[in-house]
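A quick write-up on the structure given underneath.
Note that the coordinates shown come from a computational prediction; the quantities given were computed from them, not determined experimentally. Computed over heavy atoms, backbone and side chain alike; hydrogens, waters and symmetry mates excluded.
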Amino acid sequence: MSTASLSSAFKTSPDRMQACELAALILLTVVSCSRQYEEGHPQAVLTLQPAWAQIFTGETVTLSCEVEGGSADWRFKQYRDGREEAGCSDQYRSRYGDSCTISTAQYYHSGEYWCESASGQERSNAVTLTMSNGQVILQTPPQPVFEGDSLTLRCCIRRGYKATRVVFYKDNEELQFQADTELSVDHVSESDEGSYKCTAWWWYKERYKWVESWSHSAEVRVSVRERPQAVLTREPAWTQIYLSERVTLRCQVQGGYTDWRFTWYKAGRTAPVTQDYYSRIDGDRYTISSATRDHSGEYTCKGERRGNPSYSKTSDALTLRVSVDTPKPVLTREPAGEIFEGDTVTLSCVVEGGSGGWRYLWYKDRQGAPVYQTNSSSGTGAGYTISAAALSHSGEYWCGSGRGRNTSYSQYSHPIWVNVTSLFSRVTLTASPGATVKEGEALNLTCEAAVNKTPHPQLHYTIVRDGEPVTNSTDSALYSIASTEKSHTGSYTCAVESQGVKKSSQELHIEVQTSWHSAAAAAGFSVGFFVILLIVFTLLLLYHKIRGFPCITGGKRRERSDQNQDQAAGGVELSSQTQQPDSEDIVYSVIDTSKHNNKKKAKPAETDTVYSAVKISAGKPTADNAESMYATVLPKKKRK
């Protein structure tokens with residue numbers, strides 16, 4: 001406040017010109033928080049009587065500790081000369097209940113006072129007292145003061161004297177020369193902050209005459225704080241409210257002060273909002289449990305308390321708009337064009353109007369039938385995503401919305417049709433020259449797919465024989481065998497895969513047959529091997545029959561006498577005979593049937609000789625058989 005404004009704030013009241021100790025009739029509650037308290041702890045308030053922070057030595061002042069629920073276990077403390085000590089414990093101080101009275105103030109009683117709980121965890125505001133030995137003092141309320149408070153400054157002379165003139169100064173600038181001892185400001189602001197002092201004149205009687213005297217007071221600092229600001233918030237923070245929704249207004253005061261009591265106002269009315277059937281007030285919250293049209297409007301709040309500051313600034317206005325129309329969400333689809341298998345499709349649902357907090361429900365084929373989330377589809381927030389479209393995802397879709405505890409009041413959106421087209425409609429496997437081939441011939445298997453999407457996506461081909469893949473490629477759908485073998489016989493299928501879609505062809509059986517030359521060679525080898533086994537078997541049989549050790553000799557035919565002589569020696573001789581010119585391939589053998597163990601030697605005339613011939617001929621090949629070898633055993637007549 002300027003000098004002129006302070007001068008205009010002076011109020012002359014002759015009835016106030018009395019002793020300083022009789023003038024303090026107003027109890028001023030001051031708060032100067034030295035710490036910030038947790039919510040829930042009791043807040044104590046320290047007050048003074050008289051309500052001045054400056055007094056003369058020898059005067060009386062009472063400190064009171066006010067705590068909700070009583071302060072019997074609270075104690076007074078004083079901070080002086082850099083140390084903390086008991087605040088109500090010497091001969092000049094006495095405690096009665098919640099009060100501490102300093103009956104004869106001494107200079108050392110100056111200091112900062114507060115009260116605290118027995119545990120020391122909770123403390124009141126702190127008040128600074130100044131004891132003066134001077135003749136004139138400037139009295140102020142405890143500091144700080146807050147914007148909008150009324151402020152009174154008093155210029156006091158010691159007991160027994162009466163001021164005739166007083167001058168107040170602010171920052172060493174004279175404000176006004178007047179007879180009143182008080183300077184009052186109805187609503188202080190930050191501009192009123194500064195250092196104040198005063199000069200007082202008075203008359204006193206010296207011997208037989210009156211003498212005028214004067215004196216300056218000490219400077220006193222007046223601190224003006226900004227009043228705490230109330231802040232109004234909404235939970236949840238929706239700008240648009242619909243019928244029957246729940247909303248809570250919360251009022252909080254900045255600055256760390258506690259013990260606030262809150263009042264709500266609507267549409268700037270002076271009368272506060274009261275609770276009714278649909279709303280209630282609980283501490284710092286005003287809750288509307290079921291919104292109606294009457295709850296629309298602008299709301300403000302303000303905090304009040306017992307201490308100083310005794311009230312807060314009024315909060316900024318918060319507007320509630322309650323709509324009677326239920327919201328209708330808007331449903332869109334991306335992409336908007338044709339959708340193929342494997343494509344990603346996103347449905348978006350939005351409630352227009354700029355208000356948040358919505359959660360969305362999704363429906364398919366009929367309203368009220370929710371869509372369940374799977375590995376290929378999920379609904380998060382305002383979107384429903386089909387990550388890999390399948391033919392089963394085709395259908396009609398809707399969305400609905402709700403928030404808070406209500407989910408049934410929202411309308412359904414307009415429907416959107418989702419039609420998923422096959423990426424490729426068929427897969428075929430063909431064989432060239434055919435499904436039956438001869439060993440050694442070439443074979444080509446071709447896998448083909450009818451793709452519906454343009455441009456064509458990249459395809460991956462896999463050809464499988466009897467469950468085992470034989471080719472795996474993204475470049476070619478052709479599987480070539482330059483020379484087939486019997487091992488290539490089997491059941492073949494091909495699979496085509498693209499964009500997560502996989503389809504297979506029908507089974508194709510491939511038969512690899514044995515060729516004519518291979519069969520003939522195999523048959524000839526088998527027959528020759530059989531003949532050899534037959535001859536060996538025959539010889540072994542004869543050997544066992546005659547119990548001897550045959551001796552196979554070649555050459556010319558010997559004379560009978562020689563043969564008999566040899567036979568008499570107990571041997572068996574097989575004699576090869578020369579082939580007749582006109583005969584077939586015939587081998588003659590002479591078999592001696594004489595016994596090795598005959599006791600009597602047979603006569604030459606009685607010796608019997610057996611001849612045999614083995615005829616070997618080749619058969620002609622037929623369509624069904626390979627070339628065959630034949631062996632015929634022919635008996636030979638005895639020679640005369």
Side-chain angles (χ1 to χ4, degrees), residues 1-2 5-6 8-9 11 26-39 41-48 51-53 66 68 112 114 123-128 139-153 170-171 182-196 220-234 249-273 281 283-286 298-318:
M1 182 179 288
S2 63
S5 62
L6 278 174
S8 63
K11 297 180 181 179
I26 303 175
L27 177 62
L28 179 64
T29 302
V30 180
V31 174
S32 174
C33 287
S34 59
R35 58 176 288 186
Q36 191 167 351
Y37 306 98
E38 297 180 8
E39 264 189 28
H41 288 184
Q43 174 67 51
V45 177
L46 185 64
T47 61
L48 298 177
W52 305 109
E66 300 178 4
E68 289 185 3
E112 186 179 52
W114 69 91
R123 304 177 83 180
S124 71
N125 57 291
V127 174
T128 301
Q139 291 183 318
T140 67
Q143 302 299 311
V145 295
F146 289 86
E147 290 180 322
D149 284 346
S150 61
L151 173 65
T152 299
L153 304 178
K170 177 179 183 287
D171 298 330
E182 290 188 1
L183 173 65
S184 296
V185 181
D186 291 333
H187 301 284
V188 298
S189 63
E190 290 184 356
S191 62
D192 295 321
E193 186 174 83
S195 295
Y196 291 82
V220 178
R221 179 73 181 177
V222 174
S223 299
V224 179
R225 298 275 184 88
E226 183 180 4
R227 190 166 294 281
Q229 176 67 53
V231 178
L232 183 59
T233 56
R234 173 176 43 208
L249 303 182
R250 186 179 184 188
C251 193
Q252 295 174 294
V253 179
Q254 300 172 339
Y257 301 99
T258 58
D259 284 350
W260 292 103
R261 298 184 305 275
F262 298 96
T263 306
W264 281 266
Y265 302 89
K266 181 182 176 185
R269 300 175 186 172
T270 56
V273 173
I281 297 173
D284 61 348
R285 288 173 170 83
Y286 172 64
E298 287 188 348
Y299 289 82
T300 57
C301 72
K302 183 176 69 173
E304 298 175 349
R305 62 192 300 270
R306 293 182 302 118
N308 195 26
S310 58
Y311 64 93
S312 70
K313 289 182 179 180
T314 302
S315 70
D316 295 333
L318 187 150

4.5 Å side-chain heavy-atom contact, Leu249 and Thr233: no
Whether Tyr257 and Phe146 hold their rings parallel, tilted or perpendicular, with breakpoints at 30° and 60°: perpendicular
Interatomic distance, Leu318 atom CG to Trp264 atom CH2 [nearest 0.5 angstrom]: 12.5 Å
Arg227 bridged to Asp149 by N-O distance under 4.0 Å: yes
Rounded distance (nearest 0.5 Å) linking atom CD1 of Ile281 with atom CZ of Arg261: 13.5 Å
OG-CG distance between Ser184 and Leu153, expressed to the nearest 0.5 angstrom: 8.0 Å
Main-chain N/O of Thr300 paired with Ser315 side-chain donor or acceptor, under 3.5 Å: no
The single option from Glu226, Gln254, Gln229 passing side chain to side chain donor-acceptor pair (under 3.5 Å) against Lys313: Glu226
Flag side-chain contact, heavy atom, 4.5 Å: Phe262 against Tyr286: no
Heavy-atom side-chain proximity of Val224 to Glu147 below 4.5 angstrom: yes
Backbone of Ser195 reached by a side-chain donor or acceptor of Asp171 within 3.5 Å: yes
Trace of the salt bridge (Lys or Arg N to Asp or Glu O under 4.0 Å) decision for Arg306 with Glu66: CA-CA 10 Å; Arg306 293 182 302 118; Glu66 300 178 4; 3.5 Å; yes
Any Val222 side-chain heavy atom under 4.5 Å of Leu151 side chain: yes
Minimum side-chain heavy-atom gap Pro309-Arg305 below 4.5 Å: yes
Nearest atoms (heavy-atom pairs only) where Leu46 meets Ser124: CB-OG, 3.9 Å
Note, Tyr196 side chain near Thr140 side chain (heavy atom, < 4.5 Å): no
Lys302 and Tyr265, any side-chain heavy atoms less than 4.5 Å apart: yes
Under 3.5 Å donor-acceptor, Ser150 side chain and Asp186 backbone: no
Side-chain (Gln143) to main-chain (Ser223) donor-acceptor, under 3.5 angstrom: yes
Glu193/Arg221 salt bridge by N-O under 4.0 Å criterion: yes
Atom pair OG/CD of Ser312 and Glu304 - distance to nearest 0.5 Å: 8.0 Å
Side-chain heavy atoms of Asp316 within contact of Leu232, under 4.5 Å: no
Matching residue for Pro142 among Asn125, Leu48, Thr128 - test: side-chain contact (heavy atoms from CB on, under 4.5 Å): Leu48
